[in-house]
Chemist: 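First the structure, then my questions, so here it is.
Predicted model only: the values in this text are computed from it and were never measured. Order of appearance sets the numbers: ligands from 1, and atoms from 1 within every ligand.
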Amino acid sequence: MAAQLDVACATDITDVILNGDQIEIVRPAIANKVKQRVKVNTPKLVAVVRAGAFEAEEGISGSENVVKLAAPAADLKAVIKEIVSDASGDIDLADADIVVSVGRGAKNQEGVDLVKALADELKAGFGSSRAMVDAGLMPHNKQVGQTGKIVAPTLYMAFGISGAIQHIAGMSGAKVILAVNKDPEAPIFNLADYGIVGDLFEVVPVLREEIKKVRG
Ligand SMILES: Cc1cc2nc3c(=O)[nH]c(=O)nc-3n(C[C@H](O)[C@H](O)[C@H](O)COP(=O)(O)OP(=O)(O)OC[C@H]3O[C@@H](n4cnc5c(N)ncnc54)[C@H](O)[C@@H]3O)c2cc1C
């Protein structure tokens, strides 16, 4: 689209700064270690924002600002043959207000199912670290991180996830982070707002019970 309009394109934007007519954008780089501030050298910009980085303005539905452009279908090199939605019916990670994620600490299918039950009860999106995807225990579309999805929910719950920089790159934008890990030195605790040092196989059932009580 930017090429068609002959304007700049910037993705993964977390902030926009206007200096008179000059647009500047801010975007994370190098797995969230630094923030780039980039001057846009065209008067208009096609901007792709990072999920959850901006609050929607109240009272704006969005529909009134949509401009429909006719796509020159015949010129496209790629052709959309079919749009397949997530057949699992699970809550989309990018839209979820709560994301519950599972890591290698869950060990096996039994551990995955245990944490998934908590996610279902909270009506949360269910994600995972790459270790669980590599182990074949979770599908790739559930991977959170640098090479997975970037999420910014109100609450992110990490079970048995160490907190590798590549995982953090995908969830550090969460408003509140809860980590459960049996290793008190796990790096995830440096980022977490709340931490429970313990075995997730013991902690998850207790959490489920407590949540049930609170919800009456
Ligand atoms: C180029 C590149 C891209 C990558 N992209 C991603 C990415 O997008 N997303 C991603 O997640 N990773 C990514 N990785 C992999 C990343 O470096 C880590 O290897 C991965 O995140 C580790 O997953 P983990 O935390 O589940 O496993 P581990 O690092 O093995 O951690 C498991 C944790 O579980 C804890 N634990 C063990 N048993 C229990 C228990 N019973 N109860 C509670 N805690 C327990 C342990 O103390 C440990 O902290 C990438 C790596 C590379 C090189």
Side-chain angles (χ1 to χ4, degrees), residues 11-12 14 27-36 48-53 86 88 90-96 98-122 124-153 155-211:
T11 57
D12 210 18
T14 55
R27 61 198 301 276
I30 318 179
N32 268 4
K33 277 194 216 138
V34 296
K35 280 185 181 173
Q36 285 180 327
V48 183
V49 301
R50 177 174 276 221
D86 185 350
S88 66
D90 288 349
I91 294 164
D92 189 347
L93 283 180
D95 295 338
I98 303 176
V99 171
V100 172
S101 275
V102 72
R104 205 192 317 256
K107 291 181 182 67
N108 50 29
Q109 192 60 48
E110 188 198 338
V112 171
D113 293 345
L114 182 78
V115 182
K116 171 89 167 53
L118 174 69
D120 289 346
E121 278 162 18
L122 291 172
F126 188 49
S128 89
S129 70
R130 178 161 151 180
M132 296 304 268
V133 176
D134 290 348
L137 287 162
M138 289 290 288
H140 182 258
N141 67 344
K142 301 290 179 191
Q143 180 181 317
V144 172
Q146 189 186 327
T147 45
K149 295 228 165 108
I150 292 174
V151 299
L155 174 63
Y156 187 85
M157 301 169 91
F159 291 90
I161 293 178
S162 59
I165 183 101
Q166 296 89 353
H167 186 79
I168 301 239
M171 44 63 82
S172 58
K175 291 193 179 62
V176 177
I177 296 167
L178 165 82
V180 178
N181 197 304
K182 67 178 185 185
D183 175 9
E185 304 295 328
I188 191 97
F189 287 131
N190 297 331
L191 187 71
D193 300 284
Y194 299 95
I196 300 175
V197 178
D199 184 336
L200 69 88
F201 287 89
E202 290 165 20
V203 174
V204 172
V206 176
L207 270 179
R208 289 178 65 191
E209 272 309 305
E210 290 301 317
I211 289 167

Chemist: Ignoring angles and geometry beyond distance, decide whether Gly103 reaches within less than 3.5 Å of ligand 1 through its nitrogen or oxygen atoms.
Modeler: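 No, Gly103 has no N/O under 3.5 Å of an N/O on ligand 1.
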Chemist: Identify the closest protein heavy atom to atom 41 (N) of ligand 1: which residue and atom is it, and at what distance?
Modeler: Asp199 OD1, 2.9 Å
Chemist: Would Met132 count as a contact of ligand 1 if the rule is a heavy atom under 4.0 Å away?
Modeler: no
Chemist: Does Lys142 pair with Asp90 as a salt bridge, N-O distance under 4.0 Å?
Modeler: yes
Chemist: For atom 2 (C) of ligand 1, which candidate among Gln146, Glu202, Arg130 holds the nearest heavy atom?
Modeler: Arg130
Chemist: Measuring to protein heavy atoms, does anything land under 4.0 Å from atom 19 (O) of ligand 1?
Modeler: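 Neighbour list for atom 19 (O) of ligand 1 is empty of protein heavy atoms (cut-off 4.0 Å).
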Chemist: Quick one: does Gly198 get within less than 4.0 Å of ligand 1, heavy atoms only?
Modeler: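 So Gly198 counts as touching ligand 1.
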Chemist: Are any of the N/O atoms in Val180 less than 3.5 Å from those in ligand 1?
Modeler: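 No - when backbone and side-chain N and O of Val180 are compared with those of ligand 1, no distance drops under 3.5 Å.
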Chemist: Could you tell me whether Ser162 approaches ligand 1 through its side chain, its backbone, both or neither, with non-hydrogen atoms closer than 4.0 Å?
Modeler: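 For Ser162, backbone and side-chain atoms both sit under 4.0 Å from ligand 1.
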Chemist: So, is Ser128 polar-close to ligand 1, with some N/O to N/O distance under 3.5 Å?
Modeler: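 The answer is no, given that Ser128 and ligand 1 share no N or O pair closer than 3.5 Å.
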Chemist: Any idea which of Val203, Leu200, Ile168, Asn181 brings a heavy atom closest to atom 42 (N) of ligand 1?
Modeler: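 Considering heavy atoms of Val203, Leu200, Ile168, Asn181, the nearest to atom 42 (N) of ligand 1 sits in Leu200.
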Chemist: Go through the steps to decide whether Phe159 and Ser101 satisfy the test side chain to side chain contact (heavy atoms under 4.5 Å, CB included), and finish with yes or no.
Modeler: CA-CA 6 Å; Phe159 291 90; Ser101 275; over 6 Å; no
